[in-house]
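Here is the structure we will look at.
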There are 2 protein chains.
Amino acid sequence: MLRKRISVRTIGRLSAYRRVLFRSLTTGPANVYSYQIAALSGATPAQVRRDLMSVGYSGSPNRGYQVAELAASIGEFLDDPDGQNVALVGVGNLGRAILAYFAGRRPRLAIVAAFDAAPEKVNRTIHGCRCYPIAQIPTIAARENIRVAVIATPAEAAQSVADTLIAAGVRGILNFAPVSLKVPPWVYTEDLDMTMALEKVAYFARHEKQQERDTQS
Amino acid sequence: MLRKRISVRTIGRLSAYRRVLFRSLTTGPANVYSYQIAALSGATPAQVRRDLMSVGYSGSPNRGYQVAELAASIGEFLDDPDGQNVALVGVGNLGRAILAYFAGRRPRLAIVAAFDAAPEKVNRTIHGCRCYPIAQIPTIAARENIRVAVIATPAEAAQSVADTLIAAGVRGILNFAPVSLKVPPWVYTEDLDMTMALEKVAYFARHEKQQERDTQS
DNA sequence: GTAACGCTGTGATTTCCTTCACGAATCTCA
DNA sequence: TGAGATTCGTGAAGGAAATCACAGCGTTAC
Ligand SMILES: NC(=O)c1ccc[n+]([C@@H]2O[C@H](COP(=O)([O-])OP(=O)(O)OC[C@H]3O[C@@H](n4cnc5c(N)ncnc54)[C@H](O)[C@@H]3O)[C@@H](O)[C@H]2O)c1
Ligand SMILES: NC(=O)c1ccc[n+]([C@@H]2O[C@H](COP(=O)([O-])OP(=O)(O)OC[C@H]3O[C@@H](n4cnc5c(N)ncnc54)[C@H](O)[C@@H]3O)[C@@H](O)[C@H]2O)c1
């Protein structure tokens with residue numbers, strides 16, 4: 001398994017490709033071409049083909065890719081065969097929206113536990129997910145084998161929450177708080193900063209001519 | 001004003017720098033060094049200095065940058081002096097969280113109108129923001145001079161909403177729907193795709209050694 | 001004074017990612 | 001069967017962004 005370091009951008013695009021493939025499964029024919037995937041996902045045909053090199057599924061010339069098989073191959077490449085449980089910390093406005101959205105949507109990548117510091121939020125079930133006090137992060141994380149977490153707490157709390165999560169075995173964090181988390185090198189963090197994103201949009205809305213295709217990195 | 005195309009990433013980081021500067025305003029001394037900004041925002045010192053070249057504010061050797069002045073300069077560079085009004089389309093779980101968060105937070109970049117297709121959501125005021133039927137996008141956008149919009153509708157509706165917004169004069173879109181929008185070249189779009197982000201995190205949580213510093217682009 | 005230090009601004013370099021371009025493969029149709 | 005059309009896989013080229021590295025300068029110490 002000597003695969004040479006896949007780039008972060010490639011992984012993101014593979015996720016996007018898979019989504020358009022699933023959409024095509026119901027609507028379209030059984031095969032697709034790279035230029036079709038590209039059009040639907042905002043990439044270029046060459047980029048699609050190059051990204052797909054990593055997953056090890058080959059299309060056939062003049063026939064393209066089998067939609068169902070390609071989607072399955074990407075899934076095999078991206079997903080853990082046993083599934084990965086996810087924890088959410090911070091059950092505020094955003095946290096609840098996230099719980100509502102992911103509830104029941106992806107069995108292989110489900111949010112199985114929520115945590116919050118506020119007494120009135122804990123020990124309830126929200127959108128099908130149990131909410132625990134943060135003191136229970138270590139025990140629940142161990143019990144549910146949680147390696148992936150989402151942080152949706154206020155900025156001030158984010159770093160200490162991250163430290164707790166990492167101590168409990170978490171190795172990947174999706175961070176919505178507007179701070180840069182300090183984490184050890186074996187932990188991957190991805191920041192989704194809405195304010196920064198909105199400021200970028202506002203800036204380029206005023207500074208014309210910028211025809212980037214930029215699907216989010 | 002012959003400035004040579006600032007990159008998308010640079011704009012994003014400038015937004016991050018400004019935020020840490022505002023935070024430092026209250027807590028720290030009056031000056032900062034590039035390496036301090038870097039540490040707080042997850043960048044490198046060289047990157048900070050290079051990014052700051054675009055804004056045209058010079059620090060002084062051995063004294064670094066004046067926090068207040070630098071923050072003001074970045075603001076001058078990023079923000080519209082007259083402010084920019086923002087519209088939100090799709091007042092669901094996520095849309096409401098966004099309204100709650102941005103309400104009253106940034107007077108220069110305020111969400112001044114919300115739109116939704118569901119009859120029970122329109123003509124109400126949610127977190128201080130009036131919600132209109134989508135048919136009123138053209139009139140309200142013209143009245144409020146809206147050039148920036150946020151899309152938080154289901155994926156199926158996103159493209160037609162985008163078309164309507166663009167026809168109404170919108171030039172920058174922050175898109176939360178998991179689709180790639182087709183827009184004319186003078187419209188800037190930024191996709192914030194939570195599912196894709198979570199899948200990236202899940203992937204790299206399983207694939208060791210990846211010590212990326214990746215503040216979101 | 002003036003020497004030593006430490007940080008900024010920026011040309012040069014490196015690294016990473018995207019795009020190009022073309023041989024090989026598969027299909028169609030006569 | 002074979003010519004023509006079309007797409008894939010991928011080495012090579014190109015471009016963009018991060019990093020290096022250092023000259024220049026303000027500051028401090030004495
Ligand atoms: N649209 C949005 O909601 C939005 C937009 C931009 C940024 N953000 C960021 O996302 C994060 C969450 O936003 P929100 O709107 O949901 O905020 P919120 O105030 O509604 O929710 C925060 C939640 O975190 C909990 N919390 C506080 N301290 C905690 C701790 N130490 N441990 C665990 N939980 C704790 C609170 O009890 C609350 O339930 C914030 O960092 C915010 O800056 C949100
Ligand atoms: N955590 C999250 O909430 C989350 C996570 C990942 C992705 N998303 C994406 O964000 C978007 C919104 O998510 P949500 O959870 O708020 O969904 P939601 O179903 O709660 O809200 C969608 C809203 O859009 C409105 N709407 C539907 N069609 C419309 C139209 N044609 N014009 C205007 N409004 C219309 C609906 O009335 C509803 O209010 C979706 O595309 C979703 O895929 C959300």
Side-chain angles (χ1 to χ4, degrees), chain A residues 3-14 16-17 21 28-39 41-67 69-70 73-74 77 180 200 210-217, chain B residues 3-14 16-17 21 28-67 69-70 73-74 77 180 200 204 210-217:
Chain A
R3 56 167 77 97
K4 46 198 272 259
R5 192 56 54 71
I6 313 291
S7 90
V8 178
R9 321 278 278 262
T10 294
I11 297 297
R13 284 191 299 264
L14 286 174
Y17 302 157
L21 289 171
N31 63 313
V32 272
Y33 301 118
S34 59
Y35 68 83
Q36 296 175 307
I37 298 175
S41 62
T44 67
Q47 204 163 41
V48 171
R49 294 200 300 274
R50 187 159 287 278
D51 289 337
L52 290 183
M53 287 175 66
S54 334
V55 326
Y57 175 81
S58 276
S60 84
N62 215 28
R63 285 249 253 164
Y65 308 90
Q66 298 301 309
V67 176
E69 288 181 23
L70 180 53
S73 292
I74 295 177
F77 180 81
S180 166
K200 283 201 286 189
Q210 175 85 20
Q211 70 240 49
E212 294 279 337
R213 203 82 224 94
D214 181 65
T215 314
Q216 208 248 318
S217 113
Chain B
R3 54 167 77 100
K4 47 199 272 262
R5 191 57 50 72
I6 313 292
S7 90
V8 178
R9 321 278 278 261
T10 293
I11 297 296
R13 283 191 299 264
L14 286 174
Y17 302 158
L21 289 171
N31 62 313
V32 271
Y33 302 116
S34 60
Y35 68 83
Q36 295 176 308
I37 299 175
L40 289 170
S41 63
T44 67
Q47 204 164 40
V48 171
R49 294 200 300 274
R50 189 162 285 280
D51 288 337
L52 290 183
M53 287 174 65
S54 331
V55 325
Y57 175 81
S58 275
S60 83
N62 214 26
R63 286 249 254 164
Y65 307 90
Q66 297 302 310
V67 177
E69 289 181 23
L70 178 55
S73 292
I74 295 177
F77 180 81
S180 166
K200 283 202 286 189
F204 287 110
Q210 175 82 21
Q211 70 239 49
E212 293 279 335
R213 203 80 224 94
D214 181 65
T215 314
Q216 207 246 316
S217 113

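Each chain gets a letter, A, B and so on, in the order the sequences are listed, and its residues count up from 1.
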When you compare the protein's N or O atoms with those of nucleotides 24-30 of chain D, which come within less than 3.5 Å of each other, and at what distance?
| residue | atom | partner | partner atom | Å |
| --- | --- | --- | --- | --- |
| D:dG26 | N2 | B:N62 | ND2 | 3.4 |
| D:dT27 | OP1 | B:R63 | NE | 3.3 |
| D:dT27 | O4' | B:N62 | ND2 | 3.4 |

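Across the protein-nucleic acid pair, A:Q36 atom CD and D:dT7 atom C1' stand 11 Å apart, rounded to whole Å. As a whole-Å value, the separation of B:D51 CG from D:dA16 P is 17 Å. Atoms OH (B:Y33) and P (C:dG9) sit 13 Å apart, rounded to a whole Å. Summarising the geometry, the separation between CG on B:L70 and P on C:dC7 is reported as 17 Å, rounded to the nearest angstrom. Atom-to-atom, CZ of A:R9 to C1' of D:dG15 comes out at 13 Å; the value is rounded to the nearest Å. Between A:M53 atom CE and D:dC8 atom P there is a gap of 14 Å when expressed in whole angstrom units. The CD1 atom of B:I6 sits 13 Å away from the C1' atom of D:dA17 (whole-angstrom rounding). Atom CD in B:Q47 sits about 14 Å away from atom C1' in C:dT14, given to the nearest Å.
A:Y57 pairs by the side-chain hydrogen bond (donor to acceptor under 3.5 Å, both in side chains) definition with A:E69, not counting sequence neighbours. B:S60 meets the side-chain contact (heavy atoms from CB on, under 4.5 Å) test with B:R63; sequence neighbours excluded. For B:Y17, the side-chain hydrogen bond (donor to acceptor under 3.5 Å, both in side chains) partners at least two apart in sequence or on another chain are B:D51.
OP1 or OP2 of C:dT18 sits under 4.0 Å from a side-chain N or O of A:R13. The phosphate of D:dT7 has OP1 or OP2 within less than 4.0 Å of a side-chain N or O from A:Y35. Put simply, A:R49 has a side-chain N or O that comes within less than 4.0 Å of OP1 or OP2 on D:dC8. Residue A:S34 has no polar side-chain atom (N or O) positioned under 4.0 Å from OP1 or OP2 of D:dT7.
In this structure, OG1 in A:T10 is found 12.5 Å from CZ in A:R5, a value given to the nearest 0.5 Å. Atom NZ of A:K200 and atom CZ of B:R9 lie 8.0 Å apart (nearest 0.5 Å).
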For residues 42-49 of chain B, which side-chain N or O atoms pair as donor and acceptor with protein atoms under 3.5 Å away, sequence neighbours left out?
| residue | atom | partner | partner atom | Å |
| --- | --- | --- | --- | --- |
| B:T44 | OG1 | B:Q47 | N | 3.2 |
| B:R49 | NH1 | B:S34 | OG | 3.3 |

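Here B:T10 lies out of heavy-atom contact (under 4.0 Å) with every strand.
Looking only at side-chain heavy atoms (C-beta outward), B:V32 and B:L40 stay at 4.5 Å or farther from each other.
Side chain of B:S7, nearest nucleotide from D:dA17, D:dC8, C:dT8: D:dA17. Listed nucleotides D:dG9, D:dT19, C:dG9 differ in distance to B:Y65; the shortest reach to its side chain belongs to C:dG9. Listed nucleotides D:dT19, C:dT8, D:dT7 differ in distance to B:T44; the shortest reach to its side chain belongs to D:dT19.
No hydrogens or angles were tested; on distance alone, nothing pairs the side chain of A:R50 with the base of C:dT18 as donor and acceptor under 3.5 Å.
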